[in-house]
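All chains are named by letter (A, B, ...) in the order of the sequence lines, taking the proteins before the strands, and each is independently numbered beginning at 1. Side chains are part of it too, since the values below use all heavy atoms of this structure and drop only hydrogens, waters and symmetry mates.
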2 protein chains.
Amino acid sequence: MPSSFSAELRASATAEEEAYRHIQRALRLGRYKPGDRLIPEDIAAEIGMSRMPVREAFRRLASDGLVVLRPNRGCIVAGLTVDELYETFEMRSVLEGLAVRLAMPRIDEDELEELERLLERMERAGRSGSNDWVVRHQEFHGRICALSQRPKLMHQIAALHAVIEPYMRIWFDYVEKPLSARDEHAALIAALRSGDARHAEQVMQDHILDTAPILVEFVTPSRRQTPAGEK
Amino acid sequence: MPSSFSAELRASATAEEEAYRHIQRALRLGRYKPGDRLIPEDIAAEIGMSRMPVREAFRRLASDGLVVLRPNRGCIVAGLTVDELYETFEMRSVLEGLAVRLAMPRIDEDELEELERLLERMERAGRSGSNDWVVRHQEFHGRICALSQRPKLMHQIAALHAVIEPYMRIWFDYVEKPLSARDEHAALIAALRSGDARHAEQVMQDHILDTAPILVEFVTPSRRQTPAGEK
DNA sequence: GATTGGATAAATGGATACAAAAATATTTCG
DNA sequence: CGAAATATTTTTGTATCCATTTATCCAATC
């Protein structure tokens, strides 16, 4: 969550909320791999609660597309097929494109400088490892989305990011330091500076769709159909 | 659900699933109004189960954006502000636009004729009442989306439709029979016939964004901020 | 008379307990 | 020795129960 840490300030939420965040974070960090089973009792014990709130958290995570829930068969970490991964990028492309277009009226020089700072930080983070880079990358995209001032749109985009994040990590670890990333994001800032909303939308769409094939290529080796062969 | 009734064939799902579908349908039919409280015990008694599966269903419905769940304060039917309603149409415009663009390769003469049949059926349903028309309208849009062969995209679009459906009903009931609707959808078919994917995408985007202001206008009178004044 | 405080009632959240289903291990028979 | 059938274990799904929180109502005070 790039900029919505504020929600975590209220420490004493419900147990379900705690379970939801706990599992979500674990998934983001790649602690579980696609196809892995999430055992309610184990997770409940980890956080110190009963199975019930964990079960409820599972429902929400399933709605987010992060896990798959089958009746009487438990909860497994959702894996994306190559097609689904690509589809997710297609959806991101139009939604983030929309976000950029709507954000344009609120782009000023201050904001552009802030984005350049974030780009610089992303670049630096890229040297220390995939974890930091992915977080910074999310932050950069999240900043632009936030300027659209569309809460539901942001929520959707964040959900899509959460699904592909583990794959971004794998990708980053393979290619060491993606050189193209800096140029692409710099081009994005340039497009924003142009002031042409439609143009910026197109640049964002192209940027996201450009990433997809590279990522797909690196993910293909460990290609697992949804739950590793349906067990 | 226009075309996914197949999922209801398996009668003996879990109780949670039954509760989920039950409440979803009730919301679609406008049985509850935005801001209404959903009492777990009452719903549980209706279907003949305990509160627990109903509680779990609430979580999923909340993720879908159909209800709002606040800790220790129960479950209320989600209402959209005018801004949120408009935002939903913006998201629909780019996602359904994408769906049309991707569907284009699979559009042939047979498919065009089928769409014309659906348009005709939508027209006829419009005379009998808003219920039938909304269902047929969904069916028409759903058919196009299905041709994109993108399951996750379809799911997202269906979720957005579910949220705005009650408002579509209100709108339809106000304007008797929206004359523009027939022309707009016919133009959509014409765009598909042209074979130009980008053009069809644009027509779809325009069509959806055209609807939004009309609908917003009719919804404004009963304008309720999310939960009728936060109670 | 309005507002605040507290007591009571209601509803929610969560844990335990139990029943049903699935997965696993074991035995039996070919 | 292998396959099928059965018994056992594990795990999931649901109901009931209890604790905590919130809402309601009434009284006391300003």
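Here the C1' atom of nucleotide C:dA22 and the CD1 atom of A:I76 are 15 Å apart, to the nearest Å. Per the geometry, CG belonging to B:L69 stands 10 Å off P belonging to C:dT12, to the nearest Å.
Rounded to 10°, the helix from C:dG1-D:dC30 to C:dG30-D:dC1 has 10° between the axis fitted to its first five pairs and the one fitted to its last five.
Between A:E165 and A:R169 there is a salt bridge, since a side-chain N of the basic residue sits under 4.0 Å from a carboxylate O of the acidic one. A salt bridge between A:R143 and A:E139 is absent, with no side-chain N of the basic residue lying under 4.0 Å from a carboxylate O of the acidic one. The existence of a salt bridge linking A:R59 and B:E56 is confirmed by a sub-4.0 Å separation between a basic side-chain nitrogen and an acidic carboxylate oxygen. Salt bridge annotation for B:R31-B:E46: present, with a cationic side-chain nitrogen under 4.0 angstrom from a carboxylate oxygen.
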Handout entry: Where protein sits on nucleotides 12-20 of chain D, one letter per nucleotide: B base, S sugar-phosphate only, - none, heavy atoms under 4.0 Å
Key = BBBBBB---

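Between B:T88 and B:Y167 the shortest side-chain heavy-atom distance does not fall below 4.5 Å. A:E16 places none of its side-chain heavy atoms less than 4.5 Å from the side chain of B:L69.
The only option from A:H161, A:Q205, A:Q156 that meets the side-chain hydrogen bond (donor to acceptor under 3.5 Å, both in side chains) definition with A:E96 turns out to be A:H161.
Between A:F140 atom CZ and A:C145 atom SG the span is 10.5 Å, to the nearest 0.5 Å.
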